[in-house]
Every structure is written in structure tokens, then in C-alpha cells.
Amino acid sequence: MHNLARIVAISVTSICLTGCLVYKESTGNAEKPTGDETETETETETESNVVLADPNNIQISNQLENDGLIAPVAPTLSILAAPGALRFVWKDKHNEETTELTKIALYQYDYRSDIETQIDATIETTDTQYTQTIGPHQLAWDSTSYRIELCTSDNCLSSMRMPIKDLLSNAVTPITPDNTQLSNSFGDHVALNATGNVAVITSPAQASAVVLFHVADRWIQASTLTSNQFATQTGATMRAALSASGDTIAIASIANNTKPNVVVFDRLGENWLESSSMLLNTSNTLAQNWYTDSLVIDLSDDGDRVAVAAHSVVSANNALNSGNNNVMIFDRGTTSWVNSATLSIPAQHTRLPAFSTSADIDRVFILSALTGSLYLNEYALSANSWGNTKPQFIGAISPTADNIVVSGSNATEIAIAGWEASSSSGRAPVVWRFQKLAGSWIASDSVKLPTTTAATASLRLAADSQLSSIAIGWQAANSANVAFYGQTPLGWQHYFSVPDAFNLNRNLALAQSVAISADNSTAFIGTSNTGNGGMVSAFR
């Protein structure tokens, strides 16, 4: 509008100047000059008027150049991260003194999908900041940015999009051991209850575990679990599982030359007390050393059923139909726990350490190998009797000792992790998602991580009960890589990877253990050796 007025003014000036020229020329013809000098002056004045009326005149051109539209000053946006939250702070430099705002809106943008959505937030027009609660492991830190939009009755002004890529470490809570847990084994294994507000962290070097509550946005140590049944030898391993409420905790322990056993703790008030223990019903005729990393335990949601198994360091032993090569099922009895079932793999198959169960442990999935191929063995409980279907060939993944299987709570979906050989060198972690359709397991999704050449790398996999969030990766002696993915309409989408997202400047075996709660509210990464004791990173 301002520019238009300027143009009109210049046009009027031009017309006036032209009119003056015509008037002068008419006067000159009527009244002849008395001499050459007067005529020259008249001609000079006439030429000067013509020059001023020329739109190419430098003076007018400069005025027009300096008279362009001036863009209003955009608002600025700053983003701060805290455990479980993002805080947005903005400043309105254009309207801060003159105009009242009518609306403030916050937008989230993902550059991978090129989709922007408005955050469902109640923001008053007088606010200058807003805090959004987040699940840190459920956010695509690598590809997400935000902008703030401030509107008046006339128009809206937007800030630039601000990325959050470097803020993840501020949104995660570090959990460190107290003085009694200072060894490098704290975080050897982590486990969560269904709602992610009760956690267990094992420390096998101390033959103990700690229980934590999440209260008022803080993790508080509630109890220390010890038992004379825990393995205490060097190199011992402990694995924990919780009931859905967290009121029952089962911890299995094993050492290279000590048979695995399970200790059950039940909650009494704010403490957990040892209520029972059980030694796996292993064969007395087969002496063997145990592969301690093979220990796996699951606990049913109601806390009344346990599934547990371990593996021999001698591969041939894992192909035998013996008491040492089964998944053991224990049910809580009136006074003690009873070994209610022993699940054996088919003849000629070699059982792999990995197994997983449904929430009620009425379905069990066991991986096995036969002639270099991977198979899925499914067992179901019906009328107090366990039955199994024919093993299903899994062609997408090769069998290895560190294969992992994770079941959804209703046992209609599973995820299986394995290695894929690289065309050059090294190998890449992969995870495949399978759905049960018409009695068969059909692949529905997969992701693949970058290759690693670390010979000691061992797979890691965790997921929630719906397989909506997964953590897939590996850990080696002095390095690790774990990637978090979330479910989208197009499949699993990469959210972030650690240690990259933590901005660490050194190699660290930071993924000794990984867990995601059934409701997807919480994720833990256990780092048993940070160089200064162990630590757990809590995403909640």
C-alpha cells in the first residue's frame, strides 16, 4: 500500500513537471527572448525539467530502491530438553508493544516424511513458553524440528524451524549405583514392569540387584535384592523379570560351572522379600559348562508362571534331548513353585538360546537350527497340556548363538534379530517382523543397521508389547550401536541411534542390556562399564 502511494506521487510529480514544460515552451513562443543568453537559460531549464521527469533519473531510482517492502521481524524460538520433556521459549519482536496476539500455535515437522502437524497444546496468547511431555525413545530426534506461529487479527508470523538433534542426552535420566554397587557390573541386565514405573537393575559382581520406583519424575531406589542362592563366582550372570504390576520379581543367576537357579521376590509394603527359589531340573548325567550370556527368563503378567533356560558352551550338548537343553516352565503352587512343563525341541535340531513368551506364558517361541537354517518352534498351552506345531523355516535370517526373538503380548506378532553378511566385510544387524496369518508366520517389516567389523559384537533387541517401538543393535568389547525405531503407517521409522545421539566423543560398550516397557512408556539402556562403574540411561 505504501509502495502504491509512492508510485502515484511520482506520477503526479511527472505530470506537473511536464505541464510546466509545456507552459514554458508556449510562453517562449509568445515572448521571444531578447538575447542568446536568455534563450540558453530557457533551453537549459527546459532540458533540466525533462531530465527530472525521466523515470530513469538516479535520484528517483535511489528513492525507489530504498522504499521496498520491509518484512516484519519474525519471532524467535529456543528449545530446551529435560528428562521426559521439551520446553519451548519464544520471543515476539514484532508485536511485543503494538498489537495483541489472537493465537499461538506450535508445529512439529519431520523432514523424512515432509509432514508437519500442529501440536495439540493449550497455549494462551500471553504465554512466552510451553513445556511438552515426551517419551524420549519415541521421538525422531534426527529428523524432527519445531516452529512457533504467532497470529494477530491481521496476519501470522512464524519462527524458523528449530531442530532437536543434539538435545537427546538432556532428555535422558542417568541412574548410577550407590556406594554398595560401584563395580563395573551395575546395569548388566535391566528389566521393567508393564507400566515402566518399577525397574530392576542387576549387579552380578555384588550378587545383588536394586529395585527402583519412578515417583514425581524421579527414579528412587526402593530396595536391594540379595540371596544366598545367587551365583557368586567370577563371570556370573543375572537376569531379571517382573510381573505386570512389579509386585513379583524373578531373578535367574548362573556361572560357568554352576547350574542356573531362580529366586522369586514378592512385594511386602515398600520392600521385596525372597519368597521362593528353584534349581533348574537339569540332567545329572551330563556334566557341562554354561554359556552365561545364554540365560533367559520370563515372568507372566500375574507373577505366577516362570519360563527359564540356559545353554551349554559345547554346541553338541544343545542338540541333545536332555534336561540341560529345555525351556523349563514353573508354576506357583500353594507353598512352592512346581516344574509344570519341559519344552523340548524336535530331534536333530540344535536349540538356540533365544526364546520368548506371551504375556501369560501360554505361548512360547523357541529358536533352533537345522543344517544351517533357522527355525521357529511354537508351543501353546491348552487344557493344562502343552502342544507344539511343526517348526517353521525362517529364510531371512541365519542361525547364530545371539539370535533374539521377542513376542508381542498376544503372541500374534514376533520380531527376530540376526546378522546379515556384508558384500564387502563385516556384518549388519537386521530385525524382521512376522505376523501370524492363516497358521503361518509372514514377514511384514524389517530394518537393517550399518555393518560392523567388530568380531565380538553380540546382538541386542527389545520391544514393547505391541512391537510399536524397538531397539536393535549390538555391543562389542569396546563399542556399540543401538538404533531405536517407532511404528508409522509406512512401517518402522528410525528415530535415533546411540551413542551418536548422546554426542559421545569416545568408544564405549554402552549397550550391555536394553529394555522397553510393555506400555512403551519407558526404555532402559544398561552400561555395565563406563570406566567409572556402571550406569543406566532411563528414557521416560
Side-chain angles (χ1 to χ4, degrees), residues 74-93 95-96 101-151 156-175 192 195-197 214-219 464 466 468-471 483-489 492-498 500-503 516-517 519-525 537-540:
T76 59
L77 176 65
S78 299
I79 306 176
L80 306 173
L86 289 178
R87 185 159 68 95
F88 303 90
V89 181
W90 56 89
K91 185 173 181 58
D92 180 13
K93 296 184 177 181
N95 300 307
E96 58 184 354
L101 297 177
T102 59
K103 176 186 174 184
I104 298 178
L106 182 65
Y107 292 88
Q108 177 179 314
Y109 173 73
D110 184 272
Y111 77 78
R112 287 196 178 98
S113 62
D114 195 27
I115 293 176
E116 182 176 75
T117 56
Q118 183 176 343
I119 301 297
D120 184 12
T122 302
I123 304 176
E124 302 296 333
T125 57
T126 55
D127 290 343
T128 58
Q129 59 180 291
Y130 173 75
T131 299
Q132 180 188 20
T133 300
I134 60 169
H137 68 290
Q138 301 175 37
L139 193 56
W141 296 84
D142 288 350
S143 60
T144 298
S145 59
Y146 293 86
R147 68 179 179 90
I148 195 76
E149 187 175 83
L150 310 181
C151 297
C156 294
L157 295 177
S158 173
S159 70
M160 295 180 61
R161 287 180 176 140
M162 302 302 295
I164 57 171
K165 186 178 186 299
D166 297 325
L167 300 180
L168 174 61
S169 58
N170 297 326
V172 176
T173 302
I175 301 174
L192 296 158
T195 54
N197 62 341
H214 190 262
V215 179
D217 296 329
R218 295 178 57 200
W219 287 99
D464 68 316
Q466 303 300 316
S468 298
S469 289
I470 63 165
F484 281 77
Y485 288 78
Q487 183 64 44
T488 72
W492 283 324
Q493 175 188 333
H494 180 258
Y495 281 172
F496 61 91
S497 296
V498 293
D500 288 351
F502 284 166
N503 299 316
I516 300 176
S517 63
D519 70 348
N520 200 23
S521 66
T522 311
F524 271 21
I525 296 179
S537 300
F539 301 71
R540 182 179 171 90

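These numbers were taken from a predicted model, which means no experiment stands behind them.
- Between F539 and F502, the shortest heavy-atom distance links the atoms CZ-CZ, 3.7 Å.
- Using a 4.5 Å heavy-atom threshold, the side chains of Y107 and I119 count as separate.
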Dump the intermediate steps for side-chain contact (heavy atoms from CB on, under 4.5 Å) on V89 and T128, then the final yes or no. CA-CA 6 Å; V89 181; T128 58; 5.7 Å; no

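- Residues satisfying the side-chain contact (heavy atoms from CB on, under 4.5 Å) criterion with A81, sequence neighbours excluded, are L86, L167, N170, A171.
- Counting heavy atoms from C-beta outward, L139 and I164 have side chains that approach closer than 4.5 Å.
- Checking side-chain atoms of S469 against main-chain N and O of D464 turns up no donor-acceptor pair under 3.5 Å.
- Residues S158 and R147 bring a donor and an acceptor atom of their side chains to less than 3.5 Å of each other.
- Between the CD atom of Q108 and the OG atom of S145 there is a distance of 8.5 Å, given to the nearest 0.5 Å.
- When side chains are defined from C-beta on, I148 counts as touching I104, because their heavy atoms get closer than 4.5 Å.
- A donor-acceptor pair is defined here as one N or O able to donate and one able to accept, closer than 3.5 Å; such a pair exists between the side chain of W141 and the backbone of P136.
- Nearest approach of D142 to K165, heavy atoms of both residues: OD1-CG, 4.2 Å.
- Judged by distance alone, with hydrogens and angles left aside, the side-chain atoms of H137 form a donor-acceptor pair with the main-chain N or O of N520 at under 3.5 Å.
- Within the 4.5 Å cutoff, no side-chain heavy atoms of M160 are placed close to those of L77.
- Between L106 and E149, every side-chain heavy-atom pair lies at or beyond the 4.5 Å cut-off.
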Walk me through whether K93 and T76 qualify under side-chain contact (heavy atoms from CB on, under 4.5 Å). CA-CA 8 Å; K93 296 184 177 181; T76 59; 4.3 Å; yes

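- Atoms CG and OG1, on L80 and T131 in that order, are 9.0 Å from each other to the nearest 0.5 Å.
- Considering CD of Q138 and CZ of R540, their distance stands at 10.5 Å, rounded to 0.5 Å.
- Of the possible donor and acceptor atoms, none in the side chain of S143 sits under 3.5 Å from a partner among the backbone N and O of Y111.
- Under the 4.5 Å side-chain criterion, counting only non-hydrogen atoms from C-beta, Y130 is not in contact with T122.
- In terms of modelled atom types and a separation under 3.5 Å, the side chain of T522 and the main chain of G196 share a donor-acceptor contact.
- With values rounded to the nearest 0.5 angstrom, T117 atom OG1 is found 9.0 Å from D110 atom CG.
- You'll find the side chain of Y485 stays beyond 4.5 Å of the side chain of Q493, heavy atoms only.
- In this pair, W219 and F524 present their aromatic rings perpendicular. The plane angle is above 60°, beyond the 30 to 60° band.
- Between I123 and F88, the closest side-chain pair of non-hydrogen atoms is not below 4.5 Å.
- Under the rule for a side-chain contact (heavy atoms from CB on, under 4.5 Å), the partners of D519 that lie at least two apart in sequence or sit in another chain are T195, S517, S521.
- Nearest approach of A538 to V172, heavy atoms of both residues: O-CG1, 3.3 Å.
- For Y109, there are no ring pair (Phe, Tyr, Trp, His ring centres under 6.0 Å) partners two or more places apart in sequence or in a different chain.
- Ring pair Y495/F484: centre-to-centre distance not below 6.0 Å.
- For the pair D127 (side chain) and Q129 (backbone), a donor-acceptor distance under 3.5 Å is absent.
- Looking at R161 and E116, a side-chain N of the basic residue comes within less than 4.0 Å of a carboxylate O on the acidic one, giving a salt bridge.
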